[in-house]
Amino acid sequence: MPEKTYDHNQIELKWHDQWGSDPDLYKAEENSSRPKYYVLEMLPYPSGALHIGHIRNYSIGDALARYMWMRGYNVLHPMGWDAFGLPAENAAIKNNRPPRDWTLSNVEKMKKTHSRFAFSYDWDREVTTCEPDYYRWNQWFFNRMLEKGLAYRKQALVNWCNICATVLANEQVVDGCCWRHEGTPVEQRALEQWFLRTTAYAEELLNDIDKLEGSWPDRVLTMQRNWIGRSEGAEVDFEVVGHGPVRVFTTRVDTIYGATCMIIAPEHELVAKLGADEKAQARKMIDARANQGPGDVLKEGFNTGLRAINPFNGESVPVWVGNFVLMGYGTGAIMAVPAHDERDFEFCTQYGIDIRPVIRPVDGTLPELPLKVACGDYGIVENSGPWSGKPSADARREMAAFAEEKGFGKAAITYRLKDWGVSRQRYWGTPIPVIHCTTCGVVPVPDDQLPVLLPRQVAITGKGRSPLADVPEFVNAPCPKCGAPSLRETDTMDTFVDSSWYFYRYCDSKNSTAPYDAKKIDYWFPIDQYIGGVEHAILHLIYSRFWTKMMRDVGLTTIDEPVKKLFTQGMVIRNGAKMSKSVGNVVPADDVADKYGADTARLFALFAAPPEKDVDWIDAGVEGVYRFLGRVYRYATRNIGTPGGDGSSDAKVLRKAHQVLQKVTEDFDSRWHFNTSIAAMMELTNDLYAEEAKISATAMEQVITIFVFLLAPFAPYLAQEIWAELGNEGPVFRQKWPAFNPDLARETDVEIPVQVNGKIRARFTVPTGLDKAALEAAARADEKVIAALEGKTIVKVIAVPDKLVNIVVK
RNA sequence: GCCCGGGUGGCGAAAUCGGCAGACGCAACGGACUUAAAAUCCGUAUUCCGGCAACGGGAGUGCGGGUUCAAGUCCCGCCCCGGGCACCA
């Protein structure tokens, strides 16, 4: 066949049309005899256009999906849209266009790009989270959580972002600022809010991390462990004279005889009982903290004049208010042991409060005053009544037990993790399905009245309260219990609710009577491979784990963890920042596809670096991959169906082909270093060019066929085109992945370097597998080696078969 | 401060088990083809020293030590970069 030039547009358009006319092409089988494989990439926010960062994510998942298909699995590979969220509202304000219109038109555009890139999704299962047939189930789950006491409402200090004009979850606060607005400090506001009781699962979320060990990246597991932040300690009541007990939390109850004051947070309820001056001072601290960005904060405090009694030794100590004590952790009050805690030391030194060492190092003496630094180490407890002389660990345990026995405390565990605040004062989200009735109180909207529909025509102001509050048709509703005119809840749910369970919906996306059929979940779950950005290590991935456990306890599934294996791909960086629309440094996927084709863009996204690594996007590198595909195509077309050469290089190129097949197969099955898989294919291409004239027609066809398979998971269009050129029918990714032949792949000869004292002095070629003795003999017979050994005494000879010979001389 | 990653040519990287450092690609340079250019094909390329050259010699994976016949890889101590957590009691 005459050589054809690589016209990516023509090839890709042809197969795109052909594949597009077959809706069942990438369909997962409902009743399959094949083993199941659920591969999932994190669903995108429909911002308007796919960029190279998306392409990298989907190219990894798609290569895997295609490979697993060829390996004979029943693959579920779905895609959807995380369609609720703030950008739609901002766009609506800017363009005067309803968020739904804007969102759905973005979905259409991005779906076109998806299809152009030939990502193999089962679009039949598409999920769009802003549509009622999806979000009604958010509401339904909310009702289940209300029944279980896992959803509750309380007045609480919440994180407030002024620009977003809404509340943020704890997880959405970064360095004291809004996660979407880096420079905007989060304010604390007291609001009535809905919370989901994630803390009920703190212990299980932490313990089950062990089950994920080895199949989730360590980095993610560590981040989650830190986030849950379990500390073991004790709670102890100090009687505040004239006011009653105030409880403190400490991890070092063994140091309690060294407590020289109590410090409470400025938000602590005891402050309300102080004088006007003190209250004003505490208020100032709270405000100062609200306006503070990240960084070091100066310790500040004042003496309340109150006294508290240490229940262990009956000592009366002063009560202070301190700006470094957090209301949101522990009990909001601490006992200060300046001798053994760095922060207490700093504070007490500053205000001249007593310092009293009570822990002696195991092999030393009690620290002498004045101290230069606090000593937080464990040791032997001293000057501590009946516990003196005991090791810290024992004293901790026994003192907590003692407190419990005497009724003034107990052993306690505290978590950094807090309940998930889900109320948002915004329009574009799932309406929280409750009604406020003056007589019945908070009444959930009954399941059979769901969904509570989000009204379509709403004026979005971006000011402080939910726009839904200004829609009378929405707000005014009868109480489901007593029928009296009542008011609907106008807050909407955090969008992370949507993404906490969407992957279950893919298994049964059209179910109109339940979120899904449990039998279908049983078949497909857990997700065999989840692929996404490490930036979701905490938010999305903790919420998803929580949601699964909640679903299990509600009786909707039997599994504990949704994701078996997690892969976090590196970010695509451009101009020093993660590629994203909000930063404005995106390379639109369509631009690259226009110029070089989808195959090139996909291949380059994988070739630039190993997939877990961050990669700087540099346009220049794309050329090389494009040239490679062109070389492959021209070579294939000019050699298919030609008489061929004398076959003297057949063995050589077949060997190389099987070696590359082995390498690519192993890369898929283990560490996914597709950059080296692709490099191996380039090597094979270079060999094929070099040996072209000496390959027989039969060998040529065999090698090109192998090449097509190698290419199929990465560059589906070109693979399909050559597959057809070879005279084959049907989609190549429905073929069976070829097994490599280890005999054909085996190298016959190997070059052995000979070192003398570690310096290479000679090389020779021997058959592979030559044993030590023969290798040593061959080395000693080599002229150059003889010359190098002249006049030296051999101390030792190391011969490693197929690797090297090292002769140690004196 | 604590906990994870990482540091290799001009650049992206490779070296999976301790065994030839720099595969593959980009950029660069040289050649072939062309009236010319593009495209394509072939070749050169870590660096320093000596040589017209074939070649020979030395150094080299952030820094300093160590183990070993042999270290990018293992051990100890540092430096730098990226990420996470951070008055969390």
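Sequence lines set the chain letters: A, B, ... in the order given, protein chains first and strands last, and positions in each chain run from 1.
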**OP:** May I ask you to decide if A/Met285's main-chain N or O and A/Asn323's side chain share a donor-acceptor pair within less than 3.5 Å?
**Re:** no
Is there a side-chain contact between [X] and the phosphate of [N], meaning an N or O under 4.0 Å from OP1 or OP2?
{"X": "A/Arg638", "N": "B/C41", "value": "no"}
{"X": "A/Arg631", "N": "B/C42", "value": "yes"}
{"X": "A/Arg225", "N": "B/G84", "value": "no"}
{"X": "A/Asn806", "N": "B/G19", "value": "no"}

Original post:
Is there a donor and acceptor pair, one atom on the side chain of A/Arg763 and one on the base of B/C20, closer than 3.5 Å?
Top reply: yes
Subject >> Within 45° cone of A/Phe347 ring axis and under 6.0 Å: A/Lys299 NZ or CZ >> reply: no
[X] side chain, from C-beta outward: closest of [options]:
{"X": "A/Lys299", "options": "B/C87, B/A15, B/C24", "result": "B/C87"}
{"X": "A/Arg627", "options": "B/G84, B/U40, B/A14", "result": "B/U40"}
{"X": "A/Lys759", "options": "B/C69, B/G58, B/A13", "result": "B/G58"}
{"X": "A/Asn323", "options": "B/C87, B/C24, B/A14", "result": "B/C87"}
{"X": "A/Arg219", "options": "B/C4, B/C69, B/C24", "result": "B/C4"}
{"X": "A/Ser231", "options": "B/A23, B/G58, B/A89", "result": "B/A89"}
{"X": "A/Lys613", "options": "B/A13, B/C42, B/G58", "result": "B/A13"}

Could you give the distance separating [M] and [N] at their [atom1] atoms, to the nearest angstrom?
{"N": "B/C85", "M": "B/C76", "atom1": "C1'", "result": "28 Å"}
{"N": "B/G50", "M": "B/C33", "atom1": "C1'", "result": "39 Å"}
{"N": "B/G72", "M": "B/A13", "atom1": "C1'", "result": "14 Å"}

**OP:** Could you classify B/C76 for me, syn or anti, using a glycosidic angle within 90° of 0 as syn?
**Re:** anti
**OP:** Taking the six-membered ring for Trp and the full ring for Phe, Tyr or His, determine whether the centres of A/Phe714 and A/Phe668 are under 6.0 Å apart.
**Re:** yes
Original post:
Which part of the nucleic acid, if any, lies within contact of A/Phe607, taking any heavy atom under 4.0 Å across all strands shown: a base, the sugar-phosphate backbone alone, or nothing?
Top reply: base
